[in-house]
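All remarks here apply to the structure that follows.
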Amino acid sequence: MYEQISHALLNDILDEFHPEVSREDLRHFYTRLGANFYAIHSLFSQLYGHRDDFKQRMIELTERLARAYIQRPDELKRLDMAREEDHNWFLSQEWVGMALYSDGFAGHLPGLTERLPYLTELGINLVHVMPILKCPRGASDGGYAVSDFRDIDPRAGTLDDLNQLAEAMRKRGMLLTLDVVVNHTSNEHPWAQQARDGDKVYQDYYYLFPNRDVPDMFEETMPEIFPETAPGNFTWDDAMERWVMTVFNNYQWDLNYSNPAVFIEMVDIILFWANQGADIVRLDAVAFLWKKIGTTCQNNREAHLILQLMKDCCQVTAPGVLFIAEAIVAPLEIIKYFGEDAVIAKECEIAYNATFMALLWDAVATKNARLLTQGLKSLPAKLDRATWLNYVRCHDDIGLGFDDADIRACDYEPYAHRRFLVDWFTGVFEGSPARGRPFGVNLKNGDARIAGALASLVGLEVAMANDDAEAISDAIETILTLHGMILAFGGIPLIWYGDELATLNDHTFLDDSDKASDTRWIHRPRINWERAERRHQRGSIEQRVFDGLKRLIAVRKTTPAFADFNNRDLIDVDNPHLFVFLRTHPTLVGDWVLVVANFNDNPQYLDLENIGNRGLFRHGQAKDLVTGESPALFNGRLVVPPFRFYWLTDQRPGTHL
Ligand code: GLC
Ligand code: GLC
């Protein structure tokens with residue numbers, strides 16, 4: 001949009017560009033800057049317009065964008081243009097992701113590059129490499145306490161190793177996702193160190209308080225994220241004689257985004273990693289970006305303004321790069337991280353679908369799909385050109401963040417129901433075969449979350465210990481069914497490394513004093529490559545899970561109805577044990593898939609007639625795309641065996657009416 005005030009400012013800014021910057025060919029940069037400048041100016045002034053240094057900061061921001069553009073490799077600039085042409089590229093069903101720690105997966109970055117063929121074998125073409133930036137040896141929160149935002153941790157490798165990985169991935173048509181931990185730094189970051197040394201400039205990068213007045217006020221309404229290991233949201237620092245805001249661990253200092261210098265630094269860092277070849281940047285803990293007294297300090301309006309501004313800036317310099325919002329918050333809040341009052345995403349193009357993840361786990365424990373269906377029904381429609389990251393497990397705990405109203409609508413009492421789920425997954429509930437661990441237990445309010453490896457949470461560990469072949473099969477089916485859901489739901493499925501081999505809980509973290517108090521380490525495995533070889537042994541657990549997933553991935557990729565164009569209908573059926581939804585391709589007529597999953601331990605039936613008015617199954621037999629076979633049907637009633645699912649259609653894939 002053209003508007004005089006911002007345009008006059010833009011003219012001034014361009015005049016003040018450093019000669020070295022103005023000398024470059026910036027044609028594409030300028031057209032994008034022109035397109036986004038009104039929005040950038042307006043957001044920047046909403047956040048920082050009251051400050052004397054406003055104009056100076058605008059100049060600085062714009063110049064940083066230009067410098068990052070100049071540094072952007074030509075190959076990546078070409079990719080930006082190609083993605084501009086093909087702007088729906090990331091909604092395709094062809095993307096299937098895996099998240100992994102490079103050390104746990106393959107020792108380090110060069111190891112990961114060597115293991116790419118394994119990922120290709122499975123069908124993975126998007127990899128989220130968990131944090132690899134420099135962080136302290138002990139107090140690292142698994143890499144989320146960064147002490148240098150521009151360098152790789154020597155344990156993971158070097159910047160060269162990363163560039164080689166990025167290049168090798170590009171050659172294979174794989175996308176690279178990297179983290180930028182935007183909300184906080186390690187207390188060993190040079191900014192924090194300089195703040196400690198009394199440097200006022202860097203003290204303004206953080207929230208520091210001389211006494212408890214303000215912290216106590218904040219604490220009234222702020223929840224605790226790690227109540228067991230890091231109670232409270234502030235940590236006393238002896239050197240500065242100040243309370244520092246530390247929402248996560250006491251060594252993770254929250255960055256102060258009311259200071260524009262912090263915003264500019266972090267945008268520059270995002271662009272730095274975009275220029276190293278990240279196709280997607282995962283923005284960590286975005287719900288927490290703005291702190292305001294009297295609020296939970298999550299999901300504040302300004303946090304959204306910051307993300308919009310980050311997006312607008314990134315579009316000027318590296319428009320092909322996507323953002324993932326990691327906002328593990330209430331269902332109605334998550335969806336706002338795509339941007340509100342918009343048609344296409346204006347904050348993050350991708351968001352963790354924590355709601356779906358938690359609801360799937362509810363279905364596993366209750367053996368029915370009531371809350372799963374109810375919870376999804378209450379989710380508002382998502383924007384076009386925005387997509388979910390669908391996952392079953394990740395490096396974090398499972399938080400039971402459903403909506404209380406939905407829990408009540410299923411006739412459960414919210415507190416008791418959450419309690420049941422924690423008891424179920426930690427194996428405390430009588431008869432539960434799950435072997436998870438509690439995480440984030442808060443004795444003050446009774447909250448708790450769950451840690452544990454997928455295979456151990458669905459009973460495989462117990463089944464193997466009992467040498468119970470039937471229970472082993474049930475656990476394997478459950479693993480495949482959960483993945484069958486995230487692969488079909490709409491969005492990018494993200495598999496957690498190790499789950500493709502049914503990796504069990506790993507207790508070795510207990511021997512490491514830096515990790516022992518954080519039970520999330522139980523599900524962050526070190527891949528045993530000898531065991532991984534068993535995926536080639538017919539009938540082994542590894543083979544059944546790996547090949548099962550491989551087949552699902554291959555089928556997903558060739559099923560256009562699985563692309564994400566908001567083309568999903570949840571279907572209410574009489575049988576509460578079944579979860580049923582229909583995916584219909586928006587333009588390929590007759591291209592649809594009916595997804596039916598049975599979360600119960602007994603076979604269940606579905607009246608196909610109930611859904612008959614949608615004109616499905618007119619062309620004869622229902623066919624399961626996964627097995628290529630026709631499932632059991634009797635007089636219009638489809639039978640779904642325990643813990644199994646179908647991707648049904650009535651025609652051969654690829655033939656369209
Ligand atoms: C995010 C990460 C989590 C980390 C936290 C603090 O939620 O996923 O692992 O502990 O941020 O950085
Ligand atoms: C995240 C979430 C929280 C999660 C934690 C990591 O930002 O808000 O639910 O459990 O950090 O454990």
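First listed ligand is number 1; within each ligand, the first listed atom is number 1.
- Between the side chains of R282 and Y352, at least one donor-acceptor pair of N or O atoms lies under 3.5 Å.
- Residues Y206 and L255 meet the side-chain proximity criterion, which asks for heavy atoms closer than 4.5 Å.
- Which parts of ligand 1 touch F248 is read off a 4.0 Å heavy-atom cut-off, strictly below it: atoms 5 (C), 6 (C).
- For the residue pair N353/N390, the side-chain donor-acceptor check at 3.5 Å is satisfied.
- Checked by atom type, the side-chain pair S147/E188 shows no donor-acceptor distance below 3.5 Å.
- Residue contact check: E326 has heavy atoms under 4.0 Å from atoms 1 (C), 7 (O), 8 (O) of ligand 1.
- Set against the non-hydrogen atoms of F226, the atoms of ligand 1 under 4.0 Å away are 10 (O).
- Counting only N and O atoms by type, the side chains of W273 and N275 include no donor and acceptor under 3.5 Å apart.
- Remark: ligand 1 atoms within the under-4.0 Å shell around heavy atoms of D141 are 4 (C), 5 (C), 6 (C), 10 (O), 12 (O).
- Near H184, meaning under 4.0 Å from one of its heavy atoms, ligand 1 places the atoms 6 (C), 12 (O).
- Proximity to H395 (heavy-atom distance under 4.0 Å) selects the following atoms of ligand 1: 2 (C), 3 (C), 8 (O), 9 (O).
- The heavy atom nearest to atom 1 (C) of ligand 1, considering only D284, V286, D397, is found in D284.
- E326 and Y337 form no side-chain donor-acceptor contact under 3.5 Å, judged by distance and modelled atom types alone.
- Between the side chains of H417 and D362, at least one donor-acceptor pair of N or O atoms lies under 3.5 Å.
- Under a 4.0 Å criterion applied to the non-hydrogen atoms of R520, ligand 1 contributes the atoms 3 (C), 4 (C), 9 (O), 10 (O).
- Residue Q252 approaches ligand 1 through these ligand atoms, each under 4.0 Å from one of its heavy atoms: 6 (C), 12 (O).
- In R282, the part holding a heavy atom less than 4.0 Å from any atom of ligand 1 is the side chain.
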